[in-house]
> 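To start, I am sharing the structure in question, which I have written as structure tokens.
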Amino acid sequence: MLSLAFIRENRGVVDKAIADKNVAVDLDALLALDAEVREAKTKVDRLRAERNAISDSFKSADPAERPALGAKAKAIGAEIAEIEGGLSEKSDALNALLLRLPGIPWEGAPVGPDENSNIVVRQEGRVPQFDFEPRDHVALIEMNDWADLGRITQVSGSRQYCLKGRLALLEQALMFWAQQRLSAEGFTMMTVPALARPSAFVATGHFPGHEEEAYEIPKDELYLAGTGEIALTSLHSGEILEAQQLPILYAGYSPCFRREAGSAGRDVRGLLRVHQFYKLEQYVICEDDPEVSAGWHAKLLANAEMLLNDLEIPYQVIEASTGDMGLGKYRMNDIESWVPSLNKYRETHSCSTLHDWQARRANLRWRDGERKVRFVHTLNNTALASPRILVPLLENHQTADGRVRLPKALQPLMGGEFL
Ligand SMILES: Nc1ncnc2c1ncn2[C@@H]1O[C@H](COS(=O)(=O)NC(=O)[C@@H](N)CO)[C@@H](O)[C@H]1O
């Protein structure tokens with residue numbers, strides 16, 4: 001969310017962001033509503049002052065004039081009530097439009113309507129050259145009985161799975177290993193709920209707009225979150241954080257639920273795109289200094305690269321375009337991991353800085369050194385999301401006979417060289 005003051009003073013910048021992020025928001029209507037609301041508030045203030053002046057003069061007035069004064073005060077009260085009646089409706093309409101406004105993207109973001117304008121920043125690790133026909137992760141799983149990808153669908157529907165045996169253990173070991181690594185980087189480990197109120201989805205920017213992607217629990221007015229970011233963004237809503245509390249660094253572990261409503265037919269085979277998965281989320285709340293949050297953006301990205309390097313998974317870093325980064329983002333870098341069976345890189349991590357766009361929606365504030373209360377900056381990045389990360393992990397480290405050689409970092413955890 002942008003402040004009205006910023007919008008009024010930077011109309012051109014906001015127009016450009018609307019165009020570059022490929023969103024449809026009627027800024028003229030928003031500003032017209034803003035003017036109406038401000039005019040109505042000014043009028044109510046003036047009327048209130050007038051009525052106060054009358055009630056002040058009432059005591060010293062000539063008794064004969066009091067009825068007229070009383071009637072005038074009453075009439076003013078009625079006029080105030082009428083204006084305020086319309087005012088709440090106009091304010092709601094104005095707020096609904098404000099929630100649709102994009103955050104201003106950083107000047108280095110490639111301008112374009114979608115992921116086709118994304119840029120590959122750099123590639124890391126060596127893509128494996130197999131001297132045999134590599135298997136895809138489903139074949140490896142079936143050979144080793146590492147999951148149920150079939151029977152479970154009669155229980156839970158499509159895009160569901162049960163990990164089994166050593167692969168189920170590997171997922172737990174992976175998450176624990178990543179949690180320990182992030183703790184060593186100063187992040188506080190948190191388990192966070194997936195159940196959340198609609199207001200938490202508004203705070204992150206998932207609502208309005210992406211309601212279709214979330215499972216709804218109507219009896220309880222709750223939704224299931226698709227990322228731990230949702231609970232973590234609203235955890236401190238309404239608080240005024242002290243400077244010494246910042247930066248807040250969370251490693252949030254949660255189950256994630258996504259309807260994948262718009263993904264029919266995509267990635268239907270295996271573990272790349274499922275309805276329920278587990279993610280360790282890196283989350284940062286820091287002071288609203290662009291240089292400070294840019295530093296945390298780089299750190300969040302480096303943490304994810306550190307994990308991928310230790311998992312010996314080749315990857316590339318992507319600079320997201322204005323159209324692909326999403327409504328509230330200032331900057332987004334995705335990391336795509338190499339998937340041999342697809343002969344391409346596929347997204348496994350997404351690192352975002354949102355400046356104060358979420359903070360304004362979540363009412364997340366802090367008190368600076370001069371005791372001034374300001375909105376914070378928020379950032380998030382995937383640390384690990386499973387089972388998607390298992391796809392490049394299994395496929396890149398497979399052997400000709402269908403085994404999987406574990407990266408050195410995981411061998412102690414899994415008690416051997418092979419899965
Ligand atoms: N349907 C899905 N199935 C499996 N993994 C998924 C699915 N949707 C997302 N993921 C994983 O979760 C990661 C983060 O998802 S994201 O929407 O891109 N970004 C976020 O959720 C941010 N909060 C950063 O984690 C993705 O990069 C991917 O690895």
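What you see below is based on every heavy atom in this structure, not just the backbone, and it leaves out hydrogens, waters and symmetry mates. Atoms within each ligand, like the ligands themselves, are counted from 1 in listed order.
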> Thinking salt bridges, do K279 and E229 make one under a 4.0 Å N-O criterion?
no
> Can you tell if the side chain of E417 reaches within under 4.5 Å of the side chain of R405, non-hydrogen atoms only?
yes
> Less than 3.5 Å apart, any donor N or O on the side chain of Q276 or Y278 sitting next to an acceptor on the other?
yes
> Give the contacting part of N380 toward ligand 1: side chain, backbone, both or neither, where contact means a heavy-atom distance below 4.0 Å.
side chain
> Just jot down the side-chain hydrogen bond (donor to acceptor under 3.5 Å, both in side chains) partners of D220, sequence neighbours excluded, or say none.
none
> Side chains of N363 and S237 only: does a donor on one sit below 3.5 Å from an acceptor on the other?
no
> Is the contact between R273 and ligand 1 made by the side chain, the backbone, both, or neither, using heavy atoms and a 4.0 Å cut-off?
both
> Quick one: does T382 get an N or O within less than 3.5 Å of an N or O on ligand 1?
yes
> Numbering the atoms of ligand 1 from 1, which are under 4.0 Å from a heavy atom of E229?
22 (C), 23 (N)
> Side chain, backbone, both or neither: which applies to L272 and ligand 1 if a contact is any heavy-atom pair less than 4.0 Å apart?
backbone
> For atom 26 (C) of ligand 1, which protein heavy atom lies nearest, and how many Å away is it?
E347 OE2, 3.1 Å
> Give me the residue, atom name and distance of the protein heavy atom closest to atom 8 (N) of ligand 1.
R258 NH1, 3.5 Å
> Suppose we measure from atom 25 (O) of ligand 1 to each protein heavy atom; which comes out shortest, and what is that distance?
E281 OE1, 2.6 Å
> Less than 3.5 Å apart, any donor N or O on the side chain of Q282 or W296 sitting next to an acceptor on the other?
no
> Answer with yes or no whether the side chains of S117 and S321 bring together a donor and an acceptor at under 3.5 Å.
no
> Quick check against the 3.5 Å criterion: does D324 have a side-chain atom that pairs as donor or acceptor with the backbone of A320?
no
> Could you tell me which atoms of ligand 1, counted from 1 in the order shown, lie closer than 4.0 angstrom to a heavy atom of E260?
1 (N), 2 (C), 8 (N)
> Distance under 4.0 Å to a non-hydrogen atom of H349: what atoms of ligand 1 satisfy this?
27 (O)
> What protein heavy atom lies closest to atom 29 (O) of ligand 1? Include the residue and the distance to one decimal.
T348 O, 2.9 Å
> Out of the candidates V284, L280, I248, only one should pair with F187 under the side chain to side chain contact (heavy atoms under 4.5 Å, CB included) rule; please name it.
V284
> Could you check atom 7 (C) of ligand 1 against the protein and tell me its nearest heavy-atom contact, residue, atom and distance included?
F277 CE2, 3.4 Å
> Out of D267, I389, V274, T204, whose heavy atom is nearest to atom 3 (N) of ligand 1?
V274
> Can R365 and D288 be counted as an ion pair, charged N to O under 4.0 angstrom?
no
> Does R100 use its side chain to pair, donor to acceptor, with the backbone of A24 at less than 3.5 Å?
no
> Which bit of K279 is near ligand 1, meaning a heavy atom under 4.0 Å away: side chain, backbone, both or neither?
side chain
> Please work out whether any backbone atom (N, CA, C, O) or any side-chain heavy atom from C-beta onward of A385 is under 4.0 Å from ligand 1, and answer side chain, backbone, both or neither.
side chain
> Write out the residue and atom name of the closest protein heavy atom to atom 5 (N) of ligand 1, then the distance separating them to 0.1 Å.
R388 NE, 3.7 Å
> Which atoms of ligand 1 are found less than 4.0 Å from any heavy atom of S350?
18 (O), 19 (N), 24 (C)
